[in-house]
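Heads up: the structure comes next, in structure tokens.
Keep in mind the model is a prediction, meaning the values are calculated, not measured.
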Amino acid sequence: MSKTIKKIGVLTSGGDSPGMNAAIRSVVRTCAYHNIECIGIYRGYQGMIEGDFKEMGPRSVNNIINKGGTILKSARSKEFMTEEGRKKAHSNLSAAGVEALVVIGGDGSFTGGLVFNKEYDFPIIGIPGTIDNDIYGTTHTLGYDTALNTVVEVIDKIRDTASSHNRLFFVEVMGRDAGHIALNAGIGAGAEEILIPEEDLGLDRLLESLRKSKLSGKSSSIVVIAEGDKIGKNVFELKDYVEENMPEYDVRVSVLGHMQRGGAPSCFDRVLASRLGVKAVESILDGKSNYMVGLLNDKIELTPLEQAIKGHSQIDRELLRVSDIMTT
Ligand code: ATP
């Protein structure tokens with residue numbers, strides 16, 4: 001392991017996700033383990049531009065492994081999209097002696113990191129932190145497992161009401177471009193139908209499926225809908241459409257929203273964050289740059305950042321079939 005780098009910066013950027021704190025903790029402690037200094041950069045790239053830095057040691061990350069959100073705060077920075085902004089960021093990093101960056105965030109944050117690397121030849125390693133699980137090169141992004149558990153817990157509660165009143169519930173979950181949360185949480189919560197952006201189920205098939213479910217003796221139903229579903233209607237229009245065509249159903253809508261991004265990270269996310277943080281720092285010390293660390297076949301592997309950004313994490317088709325069979 002070559003140890004030419006003596007100071008690493010860590011930041012969280014884009015939307016927050018449970019497990020980011022555990023990843024910060026891991027990066028800071030891995031630096032300490034290898035006698036490397038670590039600088040925490042507040043508010044993502046915006047903090048880099050403003051020089052909002054703090055030296056971090058193993059004790060500055062006590063008691064955060066169990067906390068949602070990010071102690072370093074996150075931000076979206078328009079200024080970092082400009083050459084001028086990135087120049088300021090680079091001069092702040094140089095003044096502070098920071099020689100490499102660990103960027104915890106989604107594909108936008110990785111794109112910003114790549115642009116910065118191309119301009120300043122600055123070593124960057126990315127840790128995928130987003131609940132959407134929409135990044136290529138890892139089977140799980142940080143926060144995804146926690147979000148699934150949150151969604152399943154809430155749908156279990158909604159089911160109590162649905163079955164007490166013979167109601168049909170449409171539950172909208174996050175996932176503008178990817179249906180991972182809807183598909184997995186839908187199966188986990190026993191949803192009757194799951195609508196995701198990757199599949200155009202169509203309105204007729206939805207009605208047909210609900211009628212079938214009614215005929216089979218089910219008196220209440222849960223339909224899980226990803227916010228980016230391709231059926232062409234938002235969840236409230238969908239409710240109106242189904243009520244017009246199936247007046248026997250009393251349809252209610254529940255939009256879960258930002259609660260899916262919060263809460264204490266699951267054990268899975270804490271362990272994943274710890275593993276990713278170690279690999280990120282040790283990859284930098286091995287002289288690597290422009291890679292994302294991710295979980296593949298239960299091993300922590302490196303994927304070029306460019307591929308992670310451009311590739312698509314595909315939905316598991318087998319799960320679609322399982323979901324169909326489960327609604328029999
Ligand atoms: P989420 O998945 O939660 O949306 P994200 O990392 O994709 O997270 P973005 O808002 O897309 O979130 O990106 C975060 C930040 O990365 C932006 O606010 C901007 O500062 C920086 N960034 C994104 N794209 C670029 C780019 N092309 N050039 C420079 N910086 C960029």
Side-chain angles (χ1 to χ4, degrees), residues 12-20 44 68-70 74-78 81 103-112 126-152 154-155 169-189 191 193-203 206 222-239 241 253-263 269 292 294 305 307-317 319-320 323:
T12 47
S13 168
D16 65 303
S17 69
M20 280 185 162
T70 156
S74 191
R76 300 190 200 269
S77 169
K78 286 219 171 92
M81 307 260 206
V103 174
I104 307 170
D107 55 354
S109 304
F110 294 165
T111 305
I127 294 182
T130 165
I131 64 164
D132 290 341
N133 209 36
D134 57 351
I135 295 182
Y136 180 82
T138 188
T139 52
H140 290 75
T141 53
L142 271 187
Y144 170 58
D145 181 70
T146 305
L148 286 182
N149 289 324
T150 303
V151 171
V152 165
V154 174
I155 297 179
F169 260 92
F170 284 166
V171 182
E172 187 192 270
V173 302
M174 281 187 170
R176 238 169 293 139
D177 308 306
H180 297 284
I181 294 181
L183 184 54
N184 282 273
I187 292 175
E193 199 52 78
I194 300 167
L195 308 183
I196 55 173
E198 292 84 348
E199 263 231 326
D200 187 355
L201 179 71
L203 289 168
L206 173 64
I222 306 273
V223 177
V224 176
I225 302 166
E227 58 186 339
D229 156 60
K230 291 250 171 359
I231 213 159
K233 292 184 184 290
N234 74 37
V235 67
F236 294 99
E237 290 170 334
L238 210 55
K239 162 192 153 62
Y241 179 83
V253 170
S254 194
V255 177
L256 301 195
H258 281 86
M259 59 122 80
Q260 295 163 88
R261 290 230 297 243
D269 275 327
M292 181 193 82
L305 270 182
Q307 263 183 37
I309 295 163
K310 291 202 182 123
H312 292 285
S313 68
Q314 302 291 338
I315 212 84
D316 184 349
R317 298 263 143 203
L319 285 181
L320 289 173
S323 163

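Thr141 places a side-chain N or O within donor-acceptor distance of the main-chain N or O of Thr130, the cut-off being under 3.5 Å. Glu227 contributes a side-chain N or O that, together with a main-chain N or O of Gly175, makes up a donor-acceptor pair within less than 3.5 Å. Side-chain atoms of Ser17 come within 3.5 Å of backbone atoms of Leu142 as a donor-acceptor pair (strictly under, hydrogens ignored). A donor-acceptor contact shorter than 3.5 Å links the side chain of Glu198 to the backbone of Gly179. A donor-acceptor pair under 3.5 Å links the side-chain atoms of Thr111 to the main chain of Asp107, judged by distance alone.
Between Ile135 and Phe110 the shortest heavy-atom distance is CD1-CE1, 4.1 Å. In this structure, Val152 and Ala189 approach most closely via the heavy-atom pair CG2-N, 4.3 Å. The two residues Ser13 and Gly44 make their nearest non-hydrogen contact at CB-CA, 4.4 Å. Across every non-hydrogen atom of Met292 and Ala308, the tightest pair is SD-CB, 3.8 Å.
Proximity of Ile187 to Ser323: side-chain heavy atoms (C-beta onward) are separated by under 4.5 Å at one or more points. Counting heavy atoms from C-beta on, the side chains of Tyr136 and Gln307 come closer than 4.5 Å. Between Ile181 and Asn133 there is no side-chain heavy-atom pair separated by less than 4.5 Å. Using a 4.5 Å heavy-atom cutoff, the side chains of Thr146 and Ile131 are not in contact. Under the 4.5 Å side-chain criterion, counting only non-hydrogen atoms from C-beta, Val223 is not in contact with Leu238. Side-chain contact between Leu195 and Phe170 is absent, with no heavy atoms from C-beta onward closer than 4.5 Å. Taking 4.5 Å as the limit, some side-chain heavy atom of Arg261 sits within range of a side-chain heavy atom of Asp16. Taking the side chain as every heavy atom from C-beta outward, His140 and His180 never approach each other to under 4.5 Å.
Put simply, CG on Leu305 and OG on Ser109 are 11.0 Å apart, with the number rounded to the nearest 0.5 Å. We find the CD-CD distance between Gln260 and Glu172 to be 8.5 Å, quoted to the nearest 0.5 Å. From Gln314, atom CD reaches atom NE2 of His312 across 7.5 Å, with rounding to the nearest 0.5 Å. Distance check: Asp145 CG to Thr150 OG1 gives 9.5 Å after rounding to the nearest 0.5 Å.
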For side-chain contact (heavy atoms from CB on, under 4.5 Å), just list the numbers for Met259 and Val154, CA-CA rounded to whole Å, side-chain angles, deciding distance to a tenth of an Å, and then say yes or no.
CA-CA 10 Å; Met259 59 122 80; Val154 174; 3.7 Å; yes

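Checked options Val235, Val151, Ile155; the residue passing with Val171 is Ile155 (criterion: side chain to side chain contact (heavy atoms under 4.5 Å, CB included)). When each of Ile225, Ile222, Leu206, Val224 is checked for a side chain to side chain contact (heavy atoms under 4.5 Å, CB included) with Glu193, only Leu206 meets the rule.
For Tyr241, the OH atom is densely surrounded, since the number of other residues' heavy atoms within 6.0 Å is greater than 12.
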